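Data first, discussion second: the structure below is written as structure tokens.
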Amino acid sequence: MALDPDVLARLGLDEFIAVDLETTGLHPITDEIIEFGAVQFRNGRPVEGVSQLIRPKQALPPVITTITGITQEELALAPDAASA
């Protein structure tokens, strides 16, 4: 996905990093991060990205699998938050 480099230059955003988090839900105390993703953009184009699944302490609600496509089986193989 490319972004308009002229608009980004006018905003002073020739280079930036977009961050995305997936969680087990929306409650800031009880829900957990299950995926961290980041993409570096330069002149409106993605140049590098990283993604890491993180095993939560709780079971993954089915609705989160539906929304994200992340499964409990994938998370079982991921490191926990302290190791990620």
Side-chain angles (χ1 to χ4, degrees):
M1 168 186 196
L3 305 170
D4 187 331
D6 294 329
V7 171
L8 294 172
R10 285 193 302 259
L11 294 171
L13 293 173
D14 296 331
E15 188 169 351
F16 65 94
I17 296 173
V19 175
D20 178 51
L21 298 175
E22 301 297 342
T23 65
T24 58
L26 298 176
H27 193 282
I29 303 297
T30 59
D31 287 311
E32 301 173 77
I33 296 170
I34 57 171
E35 182 180 28
F36 170 85
V39 177
Q40 179 184 14
F41 286 83
R42 191 173 297 131
N43 298 317
R45 300 210 175 274
V47 294
E48 189 172 357
V50 63
S51 176
Q52 175 68 56
L53 291 176
I54 302 166
R55 186 178 67 244
K57 296 175 187 159
Q58 60 186 286
L60 188 63
V63 68
I64 300 302
T65 295
T66 301
I67 293 169
T68 66
I70 298 170
T71 67
Q72 188 71 50
E73 293 77 21
E74 291 174 303
L75 293 175
L77 301 173
D80 62 16
S83 302

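Note that the coordinates shown come from a computational prediction; the quantities given were computed from them, not determined experimentally.
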Review item, side-chain donor-acceptor pairs of residues 75-84, under 3.5 Å, at least two apart:
residue: Asp80; atom: OD1; partner: Ala82; partner atom: N; Å: 3.3
residue: Asp80; atom: OD1; partner: Ser83; partner atom: N; Å: 3.0
residue: Asp80; atom: OD1; partner: Ser83; partner atom: OG; Å: 2.9

| query | In a check of side-chain contact (heavy atoms from CB on, under 4.5 Å) between Glu22 and each of Ile64, Leu53, Ile70, which one passes? | reply | Ile70

| query | What are the two closest heavy atoms between Glu74 and Thr71, and how far apart are they? | reply | OE1-N, 2.8 Å

| message | Would you say that Ile29 contacts His27 through its side chain, given a criterion of any heavy-atom pair below 4.5 Å between the two side chains? | response | yes

| field | Candidate pair Gln52 and Glu35, rule side chain to side chain donor-acceptor pair (under 3.5 Å), full reasoning | value | CA-CA 6 Å; Gln52 175 68 56; Glu35 182 180 28; over 6 Å; no

| message | If you compare all heavy atoms of Thr24 against all heavy atoms of Gln58, which two are closest, and at what distance to 0.1 Å? | response | OG1-NE2, 3.5 Å

| task | For residues Phe41 and Pro46, report the shortest heavy-atom separation together with the two atoms involved. | result | CD2-N, 3.6 Å

| task | Please check if Val63 and Leu26 belong to a single hydrophobic cluster, counting links between Ile, Leu, Val, Met, Phe, Trp and Tyr side chain heavy atoms closer than 4.5 Å. | result | no

| field | Distance-only side-chain donor-acceptor flag, Thr23 / Asp31, under 3.5 Å | value | no

| Does any non-hydrogen side-chain atom of Phe16 lie less than 4.5 Å from one of Leu8? | yes

| CZ/Arg45 to CD/Gln40 distance, rounded to the nearest 0.5 angstrom? | 15.0 Å

| Transitive ILVMFWY cluster of Val50, excluding itself - 4.5 Å side-chain cut-off | Ile17, Val19, Leu21, Ile33, Phe36, Ile54

| Rounded to the nearest 0.5 Å, what separation is found between the CD1 atom of Ile34 and the OG1 atom of Thr68? | 5.0 Å

